[in-house]
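Step one of this worksheet: look at the structure below.
The sequence lines fix the lettering, A, B, ..., with proteins before strands; numbering per chain opens at 1. The figures that follow rest on heavy atoms only: side chains count, while hydrogens, waters and symmetry mates do not.
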There are 4 protein chains.
Amino acid sequence: MSLSKLIGVRTDEVQAKRERRKEARPGELLDAALDLFVEKGFAATRAEEVAARAGVSKGTLFLYFPSKEELFKAVVRENISGRFKEWNEEFQAFEGTTAEMVRACMTIWWERVGATKASGITKLIISEARNFPDIAAFYQQEVIAPGQDLVRRILKRGMDRGEFRVLDLDYATFSITAPMVFLIMMKHSLGACIPQDYPLDPQRYIASQVDLLLDGLQVRK
Amino acid sequence: MSLSKLIGVRTDEVQAKRERRKEARPGELLDAALDLFVEKGFAATRAEEVAARAGVSKGTLFLYFPSKEELFKAVVRENISGRFKEWNEEFQAFEGTTAEMVRACMTIWWERVGATKASGITKLIISEARNFPDIAAFYQQEVIAPGQDLVRRILKRGMDRGEFRVLDLDYATFSITAPMVFLIMMKHSLGACIPQDYPLDPQRYIASQVDLLLDGLQVRK
Amino acid sequence: MSLSKLIGVRTDEVQAKRERRKEARPGELLDAALDLFVEKGFAATRAEEVAARAGVSKGTLFLYFPSKEELFKAVVRENISGRFKEWNEEFQAFEGTTAEMVRACMTIWWERVGATKASGITKLIISEARNFPDIAAFYQQEVIAPGQDLVRRILKRGMDRGEFRVLDLDYATFSITAPMVFLIMMKHSLGACIPQDYPLDPQRYIASQVDLLLDGLQVRK
Amino acid sequence: MSLSKLIGVRTDEVQAKRERRKEARPGELLDAALDLFVEKGFAATRAEEVAARAGVSKGTLFLYFPSKEELFKAVVRENISGRFKEWNEEFQAFEGTTAEMVRACMTIWWERVGATKASGITKLIISEARNFPDIAAFYQQEVIAPGQDLVRRILKRGMDRGEFRVLDLDYATFSITAPMVFLIMMKHSLGACIPQDYPLDPQRYIASQVDLLLDGLQVRK
DNA sequence: TATGAATGAGGCTTCATTCAT
DNA sequence: CATGAATGAAGCCTCATTCAT
């Protein structure tokens with residue numbers, strides 16, 4: 001193997017690495033920022049700390065995001081993947097009972113969103129909404145509304161198939177979304193800072209919620 | 001007998017008046033601070049703004065509270081009412097069905113807490129918990145645990161009286177508390193900054209929650 | 001004399017001093033800023049340095065001027081006293097020949113403006129005009145145009161009285177203003193940093209300018 | 001004979017081409033830098049902008065100039081033409097009256113310097129002199145002094161030939177140079193940023209200046 | 001007790017300069 | 001030679017806190 005080839009390979013590798021880093025930079029910064037914003041809130045998170053956690057210097061952060069606020073917005077956008085279409089299709093193809101769908105919906109949501117770092121976004125937005133009304137509106141349109149729609153469609157299926165009672169769909173959806181949002185909020189607030197005093201097992205929590213949601217508190221006569 | 005007491009009536013009156021003013025000041029400051037902390041979060045709230053809203057000068061704020069952090073803690077302490085004993089008694093004396101109790105519990109809670117400014121405390125603590133772990137622990141002990149207990153007792157009554165099914169009491173309580181916390185969070189975040197995009201009528205919300213909670217989604221066979 | 005009187009006096013004095021300082025603050029800051037802006041330009045002048053020269057801390061500067069740019073604008077406004085009206089009246093009442101008026105105009109201008117710190121403003125604006133177009137426009141309207149008008153009126157008087165030749169008034173005014181502006185520019189640039197290499201005696205300079213301006217270079221036949 | 005010379009023609013050619021490019025780069029950078037320094041001043045001009053305007057990357061700028069300050073000095077050095085010897089000769093050979101010489105002097109100066117980009121140097125140096133005293137001294141020696149000398153020689157010719165009055169030569173020179181410097185300053189400051197408010201036709205300006213300079217304001221008896 | 005002027009540590013952001021490729 | 005990603009010192013500005021009155 002020729003020297004040039006060797007040099008070439010080395011250069012290629014290093015260059016690749018460099019380019020990978022360059023490409024990866026924004027992602028690394030967004031990851032670090034998500035962690036810190038969720039942990040401390042927007043104002044209490046220092047730009048330098050985000051940079052440090054991403055392994056770069058203060059200046060580099062501003063090479064990719066023109067301001068801390070833009071970084072915040074990018075973090076939100078980055079973590080709001082419109083996976084609702086995909087989920088819609090999954091549920092469209094679902095063959096079981098609607099009760100099973102509801103259980104699946106909440107369980108899968110926990111696995112794919114609730115348990116992941118992305119769930120921090122919800123906590124973040126609810127906490128900071130009033131300081132970032134445009135972000136809040138954006139989130140409402142991109143996440144909440146589609147989420148409500150998806151849930152609404154499930155409930156409607158239940159009604160249409162005679163499985164569920166006649167429901168006030170506009171508000172019944174909250175019976176599914178509220179427990180999930182609550183779980184996330186707790187996970188990222190009390191659950192994160194005083195776990196010993198606030199034990200909350202997600203699986204058991206969701207099981208209990210689904211169970212009561214489907215059959216209610218009262219005994220069936 | 002204290003020295004001040006010995007000095008006589010006139011002094012007492014003056015002192016009383018002085019103390020009344022002195023006592024009033026912190027209250028006005030705490031009110032103003034609660035509003036602003038709820039609205040903007042701890043970090044984004046400026047001490048000067050709190051003072052201005054309370055109608056005093058910046059210096060006066062620090063006369064009553066040695067630091068912004070102490071002000072925050074005082075706000076929380078002041079607004080955490082231990083009204084659970086009183087409520088306990090109310091529910092102890094309750095004569096109707098447990099289903100009625102659940103409905104009453106959530107309705108009354110909304111009237112007495114959810115709809116008032118005090119509800120901001122919950123939002124505040126959940127948002128800032130990780131920056132104030134001791135506050136979080138304090139709140140857990142003073143509010144959350146007693147609240148869960150109260151709810152738990154209601155659910156247990158239902159079980160004991162054969163009205164409710166056999167429940168996992170540790171988690172079933174969340175089916176009552178989670179919807180209430182969710183409502184508060186929304187009221188103070190999205191509901192406050194984008195009301196047009198996020199319509200949420202508390203009465204209808206609670207009605208729907210109670211209804212589903214008691215009877216479940218599924219039709220009764 | 002009673003103690004309270006003594007205390008009163010002392011308090012009065014200190015208070016007076018304090019208030020004098022409070023009132024004087026902006027003036028002291030503007031003075032310091034004028035010096036530094038003239039000496040180093042806008043960008044190279046550090047806010048902290050201005051504060052230090054005025055004997056206050058960095059923060060105090062921003063108590064009186066919301067930004068460095070506003071400080072700059074205030075410096076300009078502060079030093080542009082519209083003394084043109086007063087001068088106009090002086091010249092209206094002038095009884096001598098118009099040649100004497102021209103000489104008086106330039107001499108008095110030097111004494112009242114050119115020789116003072118205020119002349120630095122002209123240097124400042126000409127140097128920074130392109131970075132502050134609004135300031136430039138403001139200065140044009142407030143200072144330059146009225147100045148040209150005043151000079152124009154003098155020249156017209158000379159023409160009307162048959163003392164001066166027929167002149168292109170729009171441009172002849174520059175024969176009076178240009179030498180003055182030049183003198184200021186030099187005083188605050190080369191004259192300030194290399195005085196030994198650039199000796200320029202203002203009196204002799206003005207005398208020479210007036211002399212030539214009135215009679216021209218060429219011998220009279 | 002140098003090594004490069006010994007290597008042969010081909011190398012020479014390549015080297016020449018390389019050097020031509022190498023030589024050209026700094027020129028483009030200096031041009032861009034002159035424009036920007038004149039327009040915004042030294043401090044407000046960003047290295048990256050200079051590079052961008054010259055069509056190279058930021059790094060390349062620092063390949064040719066070790067620092068922004070050195071770039072500034074190079075800009076000045078590059079644009080200070082010592083064309084006075086040449087002009088001296090032109091004027092030595094001049095055959096007309098000295099009045100014609102004065103007119104020619106100012107007209108030609110405008111064409112060859114005032115109207116060109118090179119005039120920016122004067123504005124630049126006067127604006128930045130106090131931040132670059134060595135540059136100021138350099139400019140004084142290389143440009144101002146020779147310029148004054150040239151003008152002085154013209155005036156002396158007028159005196160010697162009995163065309164001009166007896167003059168204070170040290171200061172009479174300013175009657176020629178001041179209007180030119182003034183014109184340049186205005187062109188690059190107010191004239192550049194508020195042209196609509198500050199109309200100044202160079203030709204007419206110079207004509208007026210020369211006219212008055214030669215014959216004075218006053219009517220000849 | 002109340003004021004509000006003053007402080008200065010600390011955070012965001014810019015940009016000249018470096019250096020690996 | 002040329003690039004442009006990365007750096008970090010330095011500057012503007014904010015705001016909790018102090019203190020003389």
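By the side-chain contact (heavy atoms from CB on, under 4.5 Å) test, C:Ala52 pairs with no residue at all, sequence neighbours left out.
Each of C:Phe65, C:Tyr139, C:Phe37 was checked for a ring-ring contact (aromatic ring centres under 6.0 Å, His included) with C:Phe72, and the lone residue meeting it is C:Phe37.
Counting only heavy atoms from C-beta outward, the side chains of C:Asp134 and C:Phe138 never approach each other to under 4.5 Å. The side-chain heavy atoms of B:Arg130 and A:Val38, taken from C-beta on, include a pair separated by under 4.5 Å.
Put simply, CD on B:Glu69 is 16 Å from C1' on F:dC15, counting in whole angstrom units. When the C1' atom of E:dA6 is taken as reference, atom OH of C:Tyr64 falls 8 Å away, rounded to whole Å. Computed from coordinates, the A:Lys58 NZ to E:dG11 P distance equals 10 Å when rounded to whole Å. The nearest whole Å value for the distance from the CD atom in D:Glu48 to the P atom in F:dT3 is 12 Å. Atom C1' of nucleotide F:dC12 and atom CZ of C:Phe42 are separated by 10 Å, given to the nearest angstrom. When the P atom of F:dT17 is taken as reference, atom CZ of B:Phe62 falls 5 Å away, rounded to whole Å. Rounded to whole Å, atom P of F:dT3 lies 10 Å from atom CG of D:Leu29. If you take CD of C:Glu70 and P of F:dC13, they are 10 Å apart, rounded to a whole angstrom.
C:Asn79 contributes atom CG, which lies 7.5 Å from atom CG of C:Asp31 (distance to the nearest 0.5 angstrom).
Residue-to-nucleotide proximity on DNA chain F shows that, of C:Ser67 and D:Gly59, the 5′-proximal contact is made by D:Gly59. Of the two residues near DNA chain E, B:Ser57 and A:Ala43, the one whose nearest nucleotide lies more 5' is B:Ser57. Along DNA chain F, the nucleotide nearest A:Leu61 and the nucleotide nearest B:Thr45 are compared for position; the residue whose nucleotide lies closer to the 5' end is A:Leu61.
No more than 12 heavy atoms of other residues, nucleotides or ligands sit less than 6.0 Å from atom CD of B:Glu48.
For D:Leu63, the listed nucleotide lying nearest its side chain is F:dA2; candidates were E:dG4, F:dA6, F:dA2. The side chain of B:Ala47 lies closest to F:dT17, out of F:dG11, F:dT17, E:dG8. The listed nucleotides are F:dC15, E:dA16, F:dG11; the one nearest the side chain of B:Arg46 is F:dC15. Of the candidates E:dT7, E:dT17, F:dT17, the closest approach to any side-chain atom of C:Thr60 belongs to E:dT7.
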Below 3.5 Å, can you tabulate the donor-acceptor pairs from side chains in residues 40-47 of chain A to any protein atom, sequence neighbours excluded?
residue : atom : partner : partner atom : Å
A:Lys40 : NZ   : A:Glu49 : OE1          : 3.3
A:Lys40 : NZ   : A:Glu49 : OE2          : 3.2
A:Thr45 : OG1  : A:Leu36 : O            : 3.1
A:Thr45 : OG1  : A:Gly41 : O            : 2.7

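Remark on the helix from E:dA2-F:dT21 to E:dT21-F:dA2: inter-end axis angle 10°, axes from five-pair C1' superpositions, rounded to 10°.
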